[in-house]
Each structure stands twice: as C-alpha cells, then as structure tokens.
Amino acid sequence: MFRAFGFFLVLFFFATASANAVEGDWQVAKASQQVNFTVDKRNWVAVRTGDTIPNTAWIATGPRGRVQLVRGVESISFQPNTVAGIFTSGSSERKTEVVQQAGVLDLEIEKRSKPHTTVQTPFLAAVVKGTNFRVSVSRSSAQVAVNRGLVQVTSFASGQRANVGPGQGASVDDVKGMTVSGDVSTPVVTAVAPSVARVPAVGTTTLNGQATADSSKTSSTSSQASISADHGSGGSGASGSFGNEGRNGNRYGADNASSNASGNGDGKGKDKDKKDEKDKDKGKGSDDD
C-alpha cells in the first residue's frame with residue numbers, strides 16, 4: 001500500500017514538472033518542411049511537430065516553411081522566408097522579446113496588467129500588452145497590423161511613436177519614417193527621442209538609427225568646440241558679451257563683440273575731435289593777443 005502510494009506520488013511529481021516545463025517553453029504545434037532552429041547561429045536542427053524550442057533559439061523558415069509555436073494560450077506563427085529569435089527571461093514576471101530580422105509573424109499574446117512581450121525589428125519596436133497582430137519585415141521597411149488589442153509602435157530613426165489599435169496599422173521605413181492608417185480612425189503619431197535598432201536588416205551590417213545618433217553626437221561635439229574657441233579668442237569684449245547673452249551661442253558673442261568694438265572706436269574719435277577744437281581755440285587766443 002505504501003509502495004503504491006509512493007509510486008503515484010512520484011508520478012504526480014513528474015507530471016507536474018512536465019506541465020510547468022510545457023507552460024514556460026515554446027512547443028511546436030505545427031511544422032512543415034524547411035523549418036530549422038539554432039542556438040549558436042552555426043549548427044541548425046530541423047523542427048518537427050511536438051518539439052520544444054530552446055530559449056534564445058533562432059528559427060528560420062524556407063520558401064515553403066511554416067511553423068506554429070504555442071505556450072499556454074499564446075502562439076507565434078512563422079510564415080515562409082522568416083527569421084526570428086525568441087528570448088524569455090524572468091520567472092514570476094516572465095518577459096519575452098521576439099527579435100525579427102525578416103519575414104512575417106502572426107502573434108497571439110496573453111493579456112496581462114503590464115506589457116510583457118516586445119517585438120524588435122530593424123526599423124521599429126512593438127510593445128505588446130495583450131493582442132492579436134501581425135509584423136512584417138522586408139529589407140527596407142517594417143509594418144504592424146493589429147486585429148485585436150493595442151500595440152505601441154516606435155520608429156527608431158525618425159523618433160515617432162503611435163498606439164495602434166484594432167483595424168489600424170503602422171509602417172516604418174528609412175525614407176518616409178512612420179506612416180499610419182486605419183479602417184475607421186487613424187492612430188495619433190507623437191515625437192520621441194530617436195534610438196538605435198538592435199538587429200540589422202537582411203543584407204546590411206549597420207543598425208537603423210545609428211547614423212542619426214552619430215550625427216547628433218558629432219553636431220554636439222562641433223558646437224561645443226566652436227563655442228570654446230570663440231570664448232577663448234574673442235578677447236574681453238567677446239567674453240563679456242557671450243556671458244551677458246546667457247549662453248546664446250557663438251553668433252551672439254561675435255555680433256556683440258563687433259558692436260562693442262565699433263562703439264569703443266566711435267567714443268575715442270569724438271574725444272579726439274573735442275581736444276582738437278580746444279587746442280584750436282587756445283591758438284586763436286594767442287594770436288589775438
């Protein structure tokens with residue numbers, strides 16, 4: 001009797017552990033041919049229905065490849081010619097980051113009180129609270145289309161952001177920045193600080209938004225160097241003028257320095273004229289005597 005109870009106890013323990021593992025890992029619900037995954041980006045393994053996908057794995061589908069991953073009520077479907085990695089962290093407050101380099105993903109994400117899933121692409125980031133939506137990535141742009149829920153879309157290079165709801169979409173590319181659309185209403189686009197993408201587009205090695213960030217740093221450095229040079233070489237007039245204008249830049253310093261210099265010159269000229277007139281009057285007085 002005791003042995004039988006112990007056997008069922010052990011069986012219950014393994015069943016519980018297995019259920020927890022399934023809940024935390026992505027399982028392959030459906031898979032066609034031409035679907036592979038890797039954890040080191042060198043060795044690829046074929047994906048089969050029923051497999052468990054390791055955390056931090058990258059998955060690639062071929063021209064006819066399709067795969068659906070499930071985790072509890074959540075699912076991610078890879079369409080043909082798609083490359084994406086899935087990274088999960090945390091236990092009590094699990095967070096998932098999907099890094100999508102190319103192709104099309106259809107996502108069904110569980111609704112929670114706090115955003116817990118993010119999709120990173122070469123052109124935009126999508127922060128998800130709980131929704132059903134599609135993300136498409138090409139060599140030069142990325143699009144988000146929402147069927148249900150709400151997705152916050154941020155453009156890296158242009159510094160634009162929009163909350164995209166059901167029946168709405170957002171598209172981001174290097175030329176136009178962010179464009180939005182909607183079946184009934186259009187999302188509102190707001191300005192945010194530009195940032196740098198975490199994944200490059202296919203066929204490139206540069207990150208979207210990197211040129212903007214480098215340009216801003218270079219412009220800031222050049223401006224500081226120019227101000228320092230003007231402050232050091234402008235003399236007492238330029239230094240005083242720049243300080244009085246309250247850090248308004250080297251243009252104010254130069255203009256005010258010129259103004260002060262011309263003012264000082266006019267004052268000296270007037271004093272000299274007055275002195276010459278006095279000397280002339282004295283000379284006339286001597287002749288009269």
Side-chain angles (χ1 to χ4, degrees), residues 17-90 94-110 116-128 130-149 151 153 169 171-172 197-205 207-208:
S18 177
N20 290 336
V22 170
E23 182 183 358
D25 297 330
W26 290 98
Q27 306 292 316
V28 180
K30 300 177 183 178
S32 65
Q33 294 181 354
Q34 298 183 339
V35 181
N36 300 279
F37 79 87
T38 181
V39 292
D40 58 9
K41 295 187 178 182
R42 292 190 301 272
N43 302 304
W44 292 84
V45 180
V47 174
R48 299 286 184 264
T49 301
D51 287 350
T52 298
I53 300 299
N55 190 27
T56 73
W58 284 82
I59 300 174
T61 60
R64 297 186 302 276
R66 297 174 187 271
V67 62
Q68 181 186 24
L69 307 182
V70 296
R71 184 178 63 184
V73 299
E74 299 181 325
S75 69
I76 302 177
S77 297
F78 288 63
Q79 303 303 322
N81 296 318
T82 298
V83 179
I86 304 178
F87 304 83
T88 300
S89 60
R94 185 178 60 204
K95 293 186 177 182
T96 300
E97 184 176 65
V98 180
V99 182
Q100 181 180 353
Q101 191 173 32
V104 178
L105 293 179
D106 292 305
L107 300 96
E108 176 78 33
I109 302 300
E110 178 185 10
H116 58 91
T117 300
T118 303
V119 180
Q120 297 280 348
T121 78
F123 308 97
L124 62 83
V127 179
V128 187
T131 183
N132 179 281
F133 66 108
R134 165 172 283 198
V135 180
S136 307
V137 179
S138 66
R139 290 178 177 270
S140 59
S141 65
Q143 296 83 34
V144 174
V146 179
N147 298 319
R148 186 181 69 254
V151 179
V153 179
S171 177
V172 175
R198 297 179 57 181
V199 56
V202 173
T204 67
T205 56
L207 296 174
N208 194 258

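Note: hydrogens, waters and symmetry copies are ignored here, and every other heavy atom, side chains too, is used. If you're wondering where the values come from, they're calculated on a predicted model, not measured in any experiment.
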Which residues satisfy the side chain to side chain contact (heavy atoms under 4.5 Å, CB included) test with T96, sequence neighbours excluded?
R71, I86, T88, V98, T117

Looking at CZ of F37 and CH2 of W44, how far apart are the two atoms once the value is rounded to the nearest 0.5 Å?
10.0 Å

What closest approach, in Å, do T49 and A31 show between heavy atoms, and which atom pair accounts for it?
OG1-N, 3.4 Å

Run V70 and W26 through side chain to side chain contact (heavy atoms under 4.5 Å, CB included) and show every step you take.
CA-CA 5 Å; V70 296; W26 290 98; 5.5 Å; no

Residue set satisfying side-chain hydrogen bond (donor to acceptor under 3.5 Å, both in side chains) with T38, at least two apart, ordered chain then number -> D40

Pick one: which of D51, V28, T61 meets side-chain contact (heavy atoms from CB on, under 4.5 Å) with V35?
T61

With sequence neighbours left out, the residues meeting side-chain hydrogen bond (donor to acceptor under 3.5 Å, both in side chains) with R48 are none

Kindly write out the residues that satisfy side chain to side chain contact (heavy atoms under 4.5 Å, CB included) with A201, not counting sequence neighbours, or none if the list is empty.
P122, F123, T204

Residues passing the side-chain hydrogen bond (donor to acceptor under 3.5 Å, both in side chains) test with Q120, sequence neighbours excluded, are none

Determine the minimum heavy-atom distance between V99 and F87, stating which atoms define it.
CG2-CE1, 3.7 Å

Taking I109's backbone N and O only, do any of them form a donor-acceptor pair with H116's side chain (distance below 3.5 Å, no angle check)?
no

4.5 Å side-chain heavy-atom contact, V151 and V135
no

Partners of S138 by side chain to side chain contact (heavy atoms under 4.5 Å, CB included), sequence neighbours excluded?
S140, S141

Which residue pairs pass the side chain to side chain donor-acceptor pair (under 3.5 Å) test when at least one of the two sits in residues 77-87, sequence neighbours left out?
R66-Q79, Q79-D106

Are Q68 and S75 close enough that some pair of their side-chain heavy atoms sits under 4.5 Å apart?
yes

Report the distance from atom CG of D25 to atom CD1 of I53, rounding to the nearest 0.5 Å.
10.0 Å

Between atom CD of E108 and atom CZ of F133, what is the distance when rounded to the nearest 0.5 Å?
10.0 Å

So which atom in Q100 and which in L105 form the shortest heavy-atom distance, rounded to 0.1 Å?
OE1-CD1, 3.4 Å

State, yes or no, whether a side-chain contact exists between V144 and L124 at a heavy-atom distance under 4.5 Å.
yes

Tell me every residue that passes side-chain hydrogen bond (donor to acceptor under 3.5 Å, both in side chains) with N147, counting only those two or more places apart in sequence or in another chain.
N132

Would you please name every residue forming a side chain to side chain contact (heavy atoms under 4.5 Å, CB included) with V202, sequence neighbours left out?
Q101, A102, R139

Residues Q27 and G50: closest non-hydrogen pair is OE1-O, 4.1 Å

